[in-house]
Amino acid sequence: MDEIIIEGGTPLSGEVSVSGAKNAALPMIAASILTGGKFTFRNVPVLRDIDSIERLLSDMGVAVETLGNTVHIDTADLNRFEAPYEQVRQMRASILVLGPLLARMKKARVSLPGGCAIGARPIDLHLNGLSLLGADIKLSHGYVEASAKKLKGAEIYLDLPTVTGTENLMMAAVLADGVTILRNAAREPEIAALAGMLNKMGADIKGAGSPIITICGVKKLKPVSTVVIPDRIEAGTFMVAAALTGGDILVKNCNPDHLQALIHKLEKTGAKIQVRDDGVRVKGGGRINSVDIRTLPYPGFPTDMQAQFMVLMSVANGFSVISENIFENRFIHVSELQRMGADITISGNHAMIKGVPKLSGAPVMATDLRASASLVLAGLVAKGTTRISRVYHLDRGYEALEKKFARLGATIKRVRAKA
Ligand code: EPU
């Protein structure tokens, strides 16, 4: 198993180009099984989660060819409709095949994802929406078994604006008979990106990116060539790195519109931010002010940036409170940050952070994707050596992160840990 070793303390500077968004690529690749034919996806990040969805599709008879950041997919021979436990266990986003399988094959058998390190993460809203569309849903032996003679448009109110739930229901509804209205839909940019691809395929979706999405069912879809949007969480991670290390980084190939909540908060910390035609430039170096954040569905502050922002607050001047409102257990990075000298107290879904002058390098363990990114950031600012184990979590969602940080001047390397 690989480890990442960091000698902290260097202000990072230079330019970095952001990769395609994992959480946009996953539903877009899943959407390819809605119809048979040849798809091309560009700007696909090279990641473990992308391998996972590709393997899942291959096992269903889909031909997948990856050439760097371009993925060719031929869905003509899709012949299975199952996502087995072994695959869903490795990546819960495998649930994204449920909607498209049901729409095309009229049946699907997908393992229930179960909980994960950051929370219970039920899928009741996906299943409730699908049954409103006319699917017969059974839970049996840890699997969701869904079938439908014909899906029919319906009014669906989501109790919570679930991201993958909105995506699953949008994909199921595009081939349904009649009109579906999703209310309290998630507004994340990845939803609008998926709707953009589906509309290019011939779907009729309006309002994606707003809380009300209207989907008029169509009879047929066609394969397309499409490009994955930039990863706003990767971009945000580099922006925090600039502020944290007192550096000066131009984050290229990102969409500043998707980063407004973070830009607003980073400015309050004292970082200088310039939105330019070629990217977002973040300059740190002065005093870091303590700023409170609360995570919320988009356009609120993203839960996927909470752990990284916490590292910045750990070395800020004064006290801050971070409230996690999306996942019930997303503070698992805190105990590792405490081992590096951070002064953080947890009470329910609030973390009280008292800034300290310095973090100190330590051996730490990654526990989930964004927690791993926070440990890398902590290592970059800490005095001495940080050794991060279980970095396979990082590889699920960040493309060549340590190489990108090395190019910005960090002393960081990946080593193969001794067994
Ligand atoms: N929820 C329910 N019932 C449901 C669905 C969700 O109660 O049927 C709850 C969840 O337990 C959670 C909240 O609703 O408390 C929001 O969860 P959501 O469904 O929106 O999350 P998700 O779709 O499972 C996606 C991203 C996550 C990201 C969240 C929130 C993908 C593949 N995953 O997850 O990304 O944190 O939205 O923005 O898009 C990551 O990339 O590290 C990651 C975890």
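Heavy-atom basis, side chains included; hydrogens, waters and symmetry copies ignored. Numbering starts at 1 and runs along the sequence shown. Start at 1 and go down the list; that is how both ligands and their atoms are numbered.
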Numbering as shown, the atoms of ligand 1 that approach R330 to under 4.0 Å (heavy-atom distance): 36 (O), 42 (O), 44 (C)
Pull out every atom of ligand 1 sitting under 4.0 Å from any heavy atom of I326, numbered as shown with elements. 12 (C), 13 (C), 15 (O), 16 (C)
Go through S52 and Q87 one step at a time and tell me if the side chain to side chain donor-acceptor pair (under 3.5 Å) criterion holds. CA-CA 7 Å; S52 299; Q87 276 161 338; over 6 Å; no
Are any of the N/O atoms in E167 less than 3.5 Å from those in ligand 1? no
Protein heavy atom at shortest distance from atom 23 (O) of ligand 1: T164 OG1, 2.6 Å
Mind checking whether E328 has an N or O less than 3.5 Å away from an N or O of ligand 1? no
If you count the atoms of ligand 1 from 1 in the order shown, which ones are under 4.0 Å from a heavy atom of K22? 40 (C), 41 (O)
Any idea which atoms of ligand 1 are less than 4.0 Å away from a heavy-atom of T303? 30 (C), 36 (O), 38 (O)
Side-chain (D204) to main-chain (C216) donor-acceptor, under 3.5 angstrom: no
Run the numbers on E145 and K138 for salt bridge (charged side-chain N to carboxylate O under 4.0 Å, His left out), then give the verdict. CA-CA 5 Å; E145 291 175 351; K138 288 198 184 72; over 6 Å; no
Of the protein's non-hydrogen atoms, which lies at the shortest distance from atom 34 (O) of ligand 1, and what is that distance? R121 NH2, 3.3 Å
Are any of the N or O atoms of F327 closer than 3.5 Å to those of ligand 1? no
For R330, run the side chain to side chain donor-acceptor pair (under 3.5 Å) check against D304, N349, N325 and tell me which one passes. D304
When you look at E3 and R387, which way does the salt bridge (charged side-chain N to carboxylate O under 4.0 Å, His left out) test go after all the steps? CA-CA 7 Å; E3 290 185 346; R387 180 181 276 267; 2.3 Å; yes
If you draw a 6.0 Å radius around NZ in K354, do more than 12 non-hydrogen atoms from other residues or ligands fall strictly inside? no
Measure the shortest side-chain to side-chain distance between L337 and M310 over non-hydrogen atoms and say whether it is less than 4.5 angstrom. yes
Report the C-alpha distance between D49 and R396 in whole Å, list the side-chain angles of each, state the deciding distance to 0.1 Å, and finish with yes or no for salt bridge (charged side-chain N to carboxylate O under 4.0 Å, His left out). CA-CA 5 Å; D49 275 10; R396 282 192 37 223; 2.9 Å; yes
Any donor and acceptor pair, going by atom type alone, linking the side chain of R92 with main-chain N or O of R121 inside 3.5 Å? yes
Does any part of the side chain of V71, heavy atoms only, come nearer than 4.5 Å to the side chain of V64, both counted from C-beta? yes
List the closest protein heavy-atom neighbour of atom 20 (O) of ligand 1: residue, atom name, distance to the nearest 0.1 Å. V163 N, 2.8 Å
When you measure from atom 19 (O) of ligand 1 to every protein heavy atom, which one gives the shortest distance, and what is it? T162 OG1, 2.6 Å
Nearest non-hydrogen protein atom, atom 9 (C) of ligand 1: L160 CD1, 3.6 Å
Which heavy atom of the protein is the closest neighbour of atom 42 (O) of ligand 1, given with residue, atom name and distance? R370 NE, 3.0 Å
D304-ligand 1 polar pair, N/O distance under 3.5 Å: yes
For atom 39 (O) of ligand 1, what's the nearest protein heavy atom and its distance? N23 CG, 3.3 Å
Protein residue, atom and distance nearest to atom 4 (C) of ligand 1, heavy-atom basis: P122 O, 3.0 Å
Taking atom OH of Y143 as the centre, report whether more than 12 heavy atoms of other residues, nucleotides or ligands fall under 6.0 Å from it. yes
Donor-acceptor contact present, side-chain K404 to main-chain S17, <3.5 Å: yes
Geometry only, no angles: is L125 polar-contacting ligand 1 at N/O separations under 3.5 Å? yes
Taking 4.0 angstrom as the limit and counting only heavy atoms of I123, give me the atoms of ligand 1 inside it, by number and element. 4 (C), 8 (O)
With heavy-atom distances below 4.0 Å as the criterion, list the atoms of ligand 1 near A93. 32 (C)
Quick one: does any side-chain atom of D231 pair with a main-chain N or O of S19 as donor and acceptor, under 3.5 Å? no
The atoms of ligand 1 lying under 4.0 Å from a heavy atom of H126, numbered in the order shown, are 8 (O)
Taking the minimum heavy-atom distance to atom 3 (N) of ligand 1, which of D124, L96, D159 ranks first? D124
